[in-house]
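I have placed the structure first, in the form of structure tokens, so that the comments after it can refer back to it.
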2 protein chains.
Amino acid sequence: MSDLLERLRGRGWRMTAQRRVVAEVLDGEHVHLTADEVHMRAVVKLPEISRATVYNTLGELVTLGEVLEVTTDRRAKRYDPNAHRPHHHLVCAGCGQIRDVHPSGDPLADLPDSERFGFKVSDVEVTYRGLCPTCATTA
Amino acid sequence: MSDLLERLRGRGWRMTAQRRVVAEVLDGEHVHLTADEVHMRAVVKLPEISRATVYNTLGELVTLGEVLEVTTDRRAKRYDPNAHRPHHHLVCAGCGQIRDVHPSGDPLADLPDSERFGFKVSDVEVTYRGLCPTCATTA
DNA sequence: ACCAGAGCTTAGACTCTGTCTAAGTCAATC
DNA sequence: GATTGACTTAGACAGAGTCTAAGCTCTGGT
């Protein structure tokens, strides 16, 4: 993700301060931020950046495959900068934190033809749920 | 799900016309309805039933483990009456239809301890995405 | 059968995410 | 440096879901 700006420029992106800031925020911490959290962090670096621009930019990054959208609950979408290494997610039911995980085995291969109903299956998403160490002891 | 009302009464549920209607709607068709669709179908049988009651009742059914919440996109949650048989979901990226599927293999077993970060992992949710036969030919 | 009151239901206001719009601004090219 | 279309902005809007305050009603006790 370090040469992200280069890659984006190569794809014909007009390079603006706003887009640079959003990219930097995602590049900075390797966590799963909501659009709003990205916005809050972006505002620190560029106070006049608007919510709409953050949404737009995140959407573009997703379309370009540079960032992944993660939907673990009905609350906000989260954005995962780790788009270039396939992985799944482990979510804490208590505090909502998300970790990337790499299970062995291929769930796609585990779906027999008879269970595909003629679908062209292209993707699997696996979400593990549980309690993180902190929430497990508190609860 | 046929003796659902019995079970609910056994758990101390006060039996009201509204709850009966919501349970009947879920019992009726084995599809994955949104809360709003449940409401629309419920209104046919009991015109004065309110949206809030449908939401409340669905929430209670989920808490009791009689119904599963399915979140496949950023749109509405869907409710799956098939809560007593473990299964996963296959979602069409085109039209959004959902089918229950039963993969072989256990994704929970595929998550090594080293990838659990001390979490007490209790549940996995697998969502296959693809195109249904109709959408695959149209697209 | 009747009463009391906890529990349920209601309408509508509210919140939270996210999208859209119209007007203004600016990066990249000439 | 001027031009222009892409980008950004503020704020209005929309969809899904939650909350609240007031009123009803189911159920258990008399």
Side-chain angles (χ1 to χ4, degrees), chain A residues 5-6 8-25 32-64 66-80 96 98, chain B residues 5-6 8-25 32-64 66-80 96 98:
Chain A
L5 292 175
E6 285 316 309
L8 295 176
R9 207 188 312 263
R11 301 217 213 185
W13 253 35
R14 182 171 291 188
M15 198 42 59
T16 66
Q18 291 83 351
R19 287 174 166 176
R20 203 172 301 120
V21 164
V22 170
E24 278 171 22
V25 167
H32 302 77
L33 299 172
T34 63
D36 223 60
E37 287 164 350
V38 172
H39 181 229
M40 289 190 301
R41 282 166 168 72
V43 162
V44 173
K45 306 185 183 213
L46 186 69
E48 69 274 25
I49 192 171
S50 76
R51 233 161 46 87
T53 295
V54 172
Y55 275 106
N56 288 342
T57 307
L58 289 172
E60 288 154 5
L61 288 169
V62 170
T63 302
L64 294 177
E66 297 290 346
V67 160
L68 249 44
E69 248 176 36
V70 186
T71 305
T72 55
D73 55 23
R74 180 88 13 253
R75 317 182 128 256
K77 284 182 222 174
R78 292 174 175 277
Y79 293 89
D80 184 345
I98 301 175
Chain B
L5 293 174
E6 284 317 307
L8 295 176
R9 208 190 311 264
R11 302 217 212 184
W13 252 34
R14 182 173 290 188
M15 199 42 60
T16 66
Q18 290 84 348
R19 287 174 166 178
R20 203 171 300 120
V21 165
V22 170
E24 278 171 20
V25 166
H32 302 77
L33 300 172
T34 63
D36 224 60
E37 288 164 348
V38 172
H39 181 228
M40 288 189 302
R41 283 167 168 71
V43 161
V44 174
K45 306 185 185 214
L46 187 68
E48 69 274 23
I49 192 171
S50 76
R51 232 161 48 87
T53 296
V54 171
Y55 275 106
N56 288 342
T57 306
L58 288 172
E60 288 155 5
L61 288 169
V62 170
T63 302
L64 295 177
E66 297 290 346
V67 161
L68 249 43
E69 246 176 36
V70 186
T71 305
T72 56
D73 54 24
R74 188 89 24 278
R75 317 180 129 257
K77 282 183 223 173
R78 292 175 175 277
Y79 292 90
D80 184 344
I98 302 174

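Here is how names work: the chains are called A, B, and so on, in the same order as the sequence lines, proteins then strands, and each is numbered from 1.
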Any A/Gln18 side-chain N or O less than 4.0 Å from OP1/OP2 of C/dC26 = no
Find the distance A/His39:NE2 to C/dT19:C1' and express it as a whole number of Å.
-> 15 Å
Taking atom C1' of D/dG15 as reference, at what distance in whole Å does atom CZ of A/Arg74 sit?
-> 12 Å
Name all residues meeting the ring-ring contact (aromatic ring centres under 6.0 Å, His included) criterion together with B/His32; count only those two or more places apart in sequence or in a different chain, and write none if there are none.
-> B/His89
Atom CZ of B/Arg78 and atom P of D/dA16: how far apart are they, to the nearest Å?
-> 10 Å
In whole Å, what is the span from the CH2 atom of A/Trp13 to the C1' atom of D/dA6?
-> 13 Å
Interatomic spacing from OG1 in B/Thr71 to CZ in A/Arg74 - rounded to 0.5 Å | 4.0 Å
Can a salt bridge be assigned to the pair A/Glu60 and A/Arg11 using a cut-off of 4.0 Å between side-chain N and carboxylate O?
-> no
Counting side-chain heavy atoms from C-beta on, which of C/dT10, C/dA28, D/dT8 comes nearest to A/Arg19?
-> D/dT8
Considering only D/dA10, C/dT10, D/dT18, which nucleotide approaches the side chain of A/Ala52 most closely?
-> D/dA10
Specify the separation, in whole Å, of atom CD of A/Glu48 and atom P of D/dC7.
-> 18 Å
B/Arg51, nearest nucleotide to its side chain (from D/dG17, C/dT10, D/dA6) = D/dG17
Between A/Ala17 and B/Tyr55, name the one whose nearest nucleotide on DNA chain D is closer to the 5' end.
-> A/Ala17
From the candidates D/dT8, C/dT10, C/dG18, the one with an atom nearest any side-chain atom of A/Ala76 is C/dG18
Of the listed D/dG17, C/dT19, D/dT9, the closest approach to the A/Ser50 side chain comes from D/dT9
Atom CZ of A/Arg20 and atom C1' of D/dT8 are separated, to the nearest Å, by 15 Å
Of all the choices, C/dT9, C/dT10, D/dT9, which nucleotide is nearest to the side chain of B/Ile49 once you look at every atom?
-> C/dT10
Between P of D/dC24 and CE of B/Met15, the distance in whole Å | 23 Å
Whichever of B/Thr16 and B/Asp36 has the more 5' nearest nucleotide on DNA chain D, that residue is B/Asp36
Ignoring the backbone of B/Arg14, work out which of D/dT8, C/dC26, C/dG5 is nearest its side chain.
-> C/dG5
Excluding sequence neighbours, so at least two apart, what forms salt bridge (charged side-chain N to carboxylate O under 4.0 Å, His left out) with A/Arg41?
-> A/Glu29
Quick one: pull up CD in A/Glu69 and CG in A/Asp80 and give me the separation to the nearest 0.5 Å.
-> 11.0 Å
Rounded to whole angstrom units, what separation is found between the CZ atom of A/Arg75 and the C1' atom of C/dG18?
-> 15 Å
